[in-house]
Every structure is written in structure tokens, then in C-alpha cells.
Participant: 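Take a look at this one; I'll ask things after.
Chain naming here is simple, since letters A, B, ... match the order of the sequence lines and numbering starts at 1 in each. All values below were derived from every heavy atom in this structure, side-chain atoms included, with hydrogens, water molecules and symmetry-related copies excluded. Model, not experiment: these values are computed from the prediction.
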Protein chains: 2
Amino acid sequence: MDLKEAREKFIEAWGAFGSAWGINRSMAQVHALLLISHEPLSTEDVMEQLNISRGNANMNMRALIDWSLVRRVLKSGERREFFEAEKDVWKVATHITRERKKRELEPLIRLLDELEDIPGATAEAKSFRKMTHDLHDLTTRLDTLLDHSTRRDVQWFVKAATTLLK
Amino acid sequence: MDLKEAREKFIEAWGAFGSAWGINRSMAQVHALLLISHEPLSTEDVMEQLNISRGNANMNMRALIDWSLVRRVLKSGERREFFEAEKDVWKVATHITRERKKRELEPLIRLLDELEDIPGATAEAKSFRKMTHDLHDLTTRLDTLLDHSTRRDVQWFVKAATTLLK
DNA sequence: ACTTTCTTTCAATACTATTTGAAACTTCCG
DNA sequence: CGGAAGTTTCAAATAGTATTGAAAGAAAGT
């Protein structure tokens with residue numbers, strides 16, 4: 001397999017992978033392209049290499065910046081902006097984890113918190129209380145875990161935990 | 001807030017939460033309904049309580065069984081089938097983790113494995129090799145971690161890790 | 001073997017999300 | 001200031017997913 005083919009495969013796979021995680025395909029593909037590019041790329045470069053429209057490229061680039069996965073870079077003497085991905089995979093993991101925690105886990109915990117003490121003595125009410133309570137406990141623990149593991153450094157955490165479990 | 005309202009909120013939220021994770025809304029809602037029901041429910045019950053069609057209820061129930069999140073239950077004297085969710089939230093977490101690992105993480109690792117040794121001496125080729133190698137390392141570690149944590153017991157793992165990080 | 005009751009399938013339809021492309025906007029420079 | 005070069009926005013078009021409902025299939029009882 002040559003480099004060109006391999007790059008295409010990587011971009012495609014990263015796109016599919018992203019889809020399964022609620023990240024849209026283009027956004028994931030732009031990310032993939034920037035991850036494997038040696039030099040920062042311009043909007044034009046991205047449009048061309050992925051065959052997507054200007055609007056699409058722009059929107060997804062901004063979303064990636066929002067996730068702290070991509071930075072704007074200014075090249076001296078150049079008017080237009082260039083974009084560069086964070087290349088440290090451990091940092092990438094930290095940013096993604098934090099962002100998803102904030103967007104998905106935290107709202108769920110807040111809801112479960114509200115729903116925890118619904119009154120009622122029927123079996124249905126008891127069943128409901130137990131479920132929300134247990135889920136609240138689980139999600140809170142997970143939240144703490146992710147919090148610490150990203151506050152310090154995922155790399156450290158994953159390595160330590162792997163050792164612990166061996 | 002009364003029980004009825006709380007149940008509706010829970011079902012709705014679980015549905016929205018599921019969507020963000022690539023699980024379709026109905027599937028997540030059926031799951032939510034079964035999670036908070038004291039008794040096993042029939043297809044009719046689910047159709048009625050969620051206002052969805054028979055086909056939809058049926059398909060999603062089968063998908064949930066496939067994920068080991070729901071079991072078929074036979075009530076003696078009844079012809080039709082009933083469905084019951086796994087209520088132990090730690091087991092639920094284990095099943096979901098395992099399933100997603102199998103469906104998403106493992107294929108990615110296999111691909112990265114293939115892409116790790118693409119030849120070429122250009123800066124682009126080196127950049128590509130470094131990225132696939134680093135990602136392979138990260139995903140493999142994560143895989144091991146998830147593997148152990150679900151083989152034993154997520155509960156044990158999360159509690160241990162939380163302590164470790166305190 | 002027929003009827004009843006329930007389950008499963010699947011083509012048509014409805015719904016949601018993504019992408020485009022062109023217009024509006026901004027910035028920089030002579 | 002005027003215009004060239006680039007960026008951003010957003011309504012409309014397209015593509016992608018989920019849902020319905022009716023028909024076919026299974027299983028159980030008579």
C-alpha cells in the first residue's frame with residue numbers, strides 16, 4: 001500500500017469512527033487530514049483534498065477549533081489563515097474526553113439529580129427511585145474519574161491503570 | 001414533580017442522550033422505559049407507552065437483546081413474550097462498554113495496525129507514520145484497559161481507580 | 001389442518017442532519 | 001476610499017436515517 005492510499009484509508013476510517021460517536025463525518029475527516037499533514041493547511045487545501053465545499057470546510061474547521069483539536073496558524077507574508085491539528089495524541093484524547101464529558105455526561109447527571117427523590121410508595125415508584133439513584137451514583141463516579149484523569153494527564157492515568165489491572 | 005412526569009422526563013432524556021452516542025432515539029427510549037418498569041412489559045405495552053409502531057418496538061427490542069441489555073421473559077399461562085431490562089447499572093455499563101469496544105475500537109485498531117508501516121522518506125510519510133503509530137499505541141492501551149475493566153467488573157475498577165486518583 | 005394470536009420483515013414515507021453555493025461581510029492594502 | 005482576497009453565514013437542496021403499517025411468517029391451541 002502506498003502513502004496516498006493509506007492516507008485515504010485513514011481519513012475514511014476516522015470519518016466512519018467519528019460518525020459512531022455523534023461527530024459528523026466531514027468534521028472527523030477534516031480532523032484526520034490535519035492530523036496526518038506535516039504542514040498547516042489552508043481552507044483551499046482542505047476543500048481540495050477532501051472534495052468538500054468552502055462552507056463545509058469552514059464550519060467544521062471552526063467546530064474543531066472549538067473542541068481545541070485544531071489551531072489557526074498565521075504564516076508570515078501570507079494573508080490567509082492556515083490550520084494545524086494538535087498532534088500529541090494524549091492531548092487529543094484529553095480534549096475529546098473533556099468536551100464530551102461537558103456536553104453529555106454533565107447534563108445527564110444534573111437531570112438524574114432532579115429525578116432522584118420522586119415521592120410515591122408503589123412498586124413502580126420504588127423501582128424508579130432505585131434506578132435513578134443507582135445511575136446517579138454510577139455517572140457521578142465516572143465523572144470524577146474522567147475529571148481527574150483529564151486534569152492530570154490521560155497518559156499517566158491510562159498507563160497507571162493498565163499496570164494496576166495487569 | 002410527580003412520578004408520571006418524572007418518568008417521561010427520564011425517557012426523553014435517555015433518548016436524547018442515546019442519540020449523541022449513535023444509538024437511535026427509539027432504542028434508547030425503549031431501554032429507558034424497561035429500566036424504570038417494575039414488571040416485564042409486552043410489545044403492546046411498549047407501543048402504547050411510547051406511542052411507537054409495532055415494527056419499531058419489535059426491531060429495537062431485538063437490538064437491545066442483541067446488546068444484552070434486555071431479556072425475553074415468559075410468563076406462565078401467557079402466550080406472548082415479555083421483556084425485562086438488566087437492572088444492575090454496573091452490568092449495564094459493562095455490556096455497553098464491551099459492545100462499543102467490539103464495534104468501534106477494535107476495527108480501528110486493526111486498521112491502524114495495517115497502516116503503521118507505510119514506507120516513504122518524505123516529511124509527509126514520516127508524519128503519517130508517527131501519527132498512526134502513536135494512535136495505535138493509545139488505542140491498544142485503551143483496549144487493554146477496557147478489556148480488563150469489563151472482564152473483572154466495572155464497579156470494582158471505577159471504585160479502585162477513583163480511589164487511586166483522589 | 002385450520003384459526004387465532006403474536007412476531008418479524010420490508011417497501012414506502014416521514015423526518016433529521018449535512019452539504020452546498022452564493023451572497024454578505026471583513027480585512028488588508030495601494 | 002475602492003477593490004482584491006479571504007472568511008463567514010444561511011436558506012435551499014441533498015443525502016441519510018428512522019418509522020410506519022400492512023403483509024407474511026411462526027407458533028400454539030382446537
Side-chain angles (χ1 to χ4, degrees), chain A residues 11-34 39-67 70-84 103-104, chain B residues 11-34 39-67 70-84 103-104:
Chain A
I11 290 169
E12 195 188 319
W14 201 250
F17 193 64
S19 295
W21 288 80
I23 286 159
N24 88 52
R25 219 179 76 250
S26 297
M27 177 169 162
Q29 290 190 343
V30 172
H31 188 215
L33 175 61
L34 291 171
E39 292 277 299
L41 302 183
S42 68
T43 304
E44 298 274 339
D45 294 333
V46 172
M47 285 167 63
E48 200 175 294
Q49 296 201 44
L50 299 178
N51 284 303
I52 61 175
S53 72
R54 184 175 299 281
N56 195 0
N58 185 266
M59 266 182 33
N60 289 121
M61 222 97 85
R62 277 185 307 120
L64 287 166
I65 291 171
D66 206 47
W67 281 64
V70 167
R71 283 183 284 280
R72 273 172 221 278
V73 178
L74 296 171
K75 280 195 187 176
S76 63
E78 282 272 14
R79 174 94 95 77
R80 66 216 155 117
E81 296 173 328
F82 288 78
F83 300 89
E84 176 182 62
R103 293 175 194 218
E104 293 149 26
Chain B
I11 290 169
E12 194 188 319
W14 202 249
F17 192 64
S19 295
W21 289 80
I23 285 159
N24 87 52
R25 218 180 75 250
S26 296
M27 178 168 161
Q29 290 191 342
V30 172
H31 187 213
L33 175 61
L34 291 171
E39 292 277 299
L41 302 182
S42 67
T43 305
E44 299 273 340
D45 295 332
V46 172
M47 287 167 61
E48 200 175 296
Q49 296 201 43
L50 298 178
N51 284 303
I52 60 175
S53 73
R54 185 175 298 282
N56 195 0
N58 184 266
M59 265 184 33
N60 288 121
M61 221 98 83
R62 275 186 306 119
L64 287 166
I65 291 171
D66 205 47
W67 280 65
V70 167
R71 282 184 283 281
R72 274 173 221 276
V73 178
L74 296 171
K75 280 195 184 173
S76 64
E78 283 271 13
R79 171 96 94 77
R80 66 216 157 120
E81 295 172 329
F82 288 78
F83 300 89
E84 177 182 60
R103 293 177 193 215
E104 293 149 25

Participant: I need the CZ-P distance between A:Arg79 and D:dA5, as an integer number of Å.
Facilitator: 8 Å

Participant: Within this structure, what is the CG-to-C1' distance between A:Asn51 and C:dT18, rounded to whole angstrom?
Facilitator: 16 Å

Participant: Can you check whether B:Arg25 has a side-chain N or O nearer than 4.0 Å to OP1 or OP2 of D:dT17?
Facilitator: no

Participant: Of A:Ser26 and B:Glu78, whose nearest nucleotide on DNA chain C comes first from the 5' end?
Facilitator: B:Glu78

Participant: Can you tell me if the side-chain N/O atoms of A:Thr43 get under 4.0 Å from OP1 or OP2 in D:dG6?
Facilitator: no

Participant: For B:Arg54, answer base if it contacts any base atom (sugar-phosphate contacts may also be present), sugar-phosphate if it contacts only those atoms, and nothing otherwise; contact means non-hydrogen atoms under 4.0 Å.
Facilitator: base

Participant: Identify whether any heavy atom of B:Glu81 sits under 4.0 Å from a base atom; if not, whether one sits that close to sugar-phosphate; answer base, sugar-phosphate or nothing.
Facilitator: sugar-phosphate

Participant: Respond yes when some side-chain nitrogen or oxygen of B:Ser42 is under 4.0 Å from OP1 or OP2 of C:dC6, and no when none is.
Facilitator: no

Participant: Under 4.0 Å between a side-chain N or O of B:Asn58 and OP1 or OP2 of D:dT19?
Facilitator: no

Participant: Indicate yes or no: at least one non-hydrogen side-chain atom of A:Phe83 is less than 4.5 angstrom from one of A:Ile65.
Facilitator: yes

Participant: Using a cut-off of strictly less than 4.0 Å, decide whether A:Asn56 has a side-chain nitrogen or oxygen near OP1 or OP2 of C:dG21.
Facilitator: no

Participant: Under 4.5 Å between any side-chain heavy atoms of B:Met27 and B:Leu64, yes or no?
Facilitator: yes

Participant: Let's test your reading of the model: under 3.5 Å, does the base of C:dT5 pair with the side chain of B:Arg80 as donor and acceptor?
Facilitator: no

Participant: Please examine the side chains of B:Trp21 and A:Glu104, heavy atoms only from C-beta on, and report whether any two atoms are closer than 4.5 Å.
Facilitator: yes

Participant: Can you tell which of C:dT20, D:dG21, D:dT8 lies closest to the side chain of A:Ser53?
Facilitator: C:dT20

Participant: How close or far is atom C1' of D:dT7 from atom CZ of A:Phe82, stated in whole angstroms?
Facilitator: 14 Å

Participant: If you only use heavy atoms from C-beta on, which nucleotide in C:dT19, D:dT19, C:dC28 is closest to the side chain of A:Asn60?
Facilitator: C:dT19

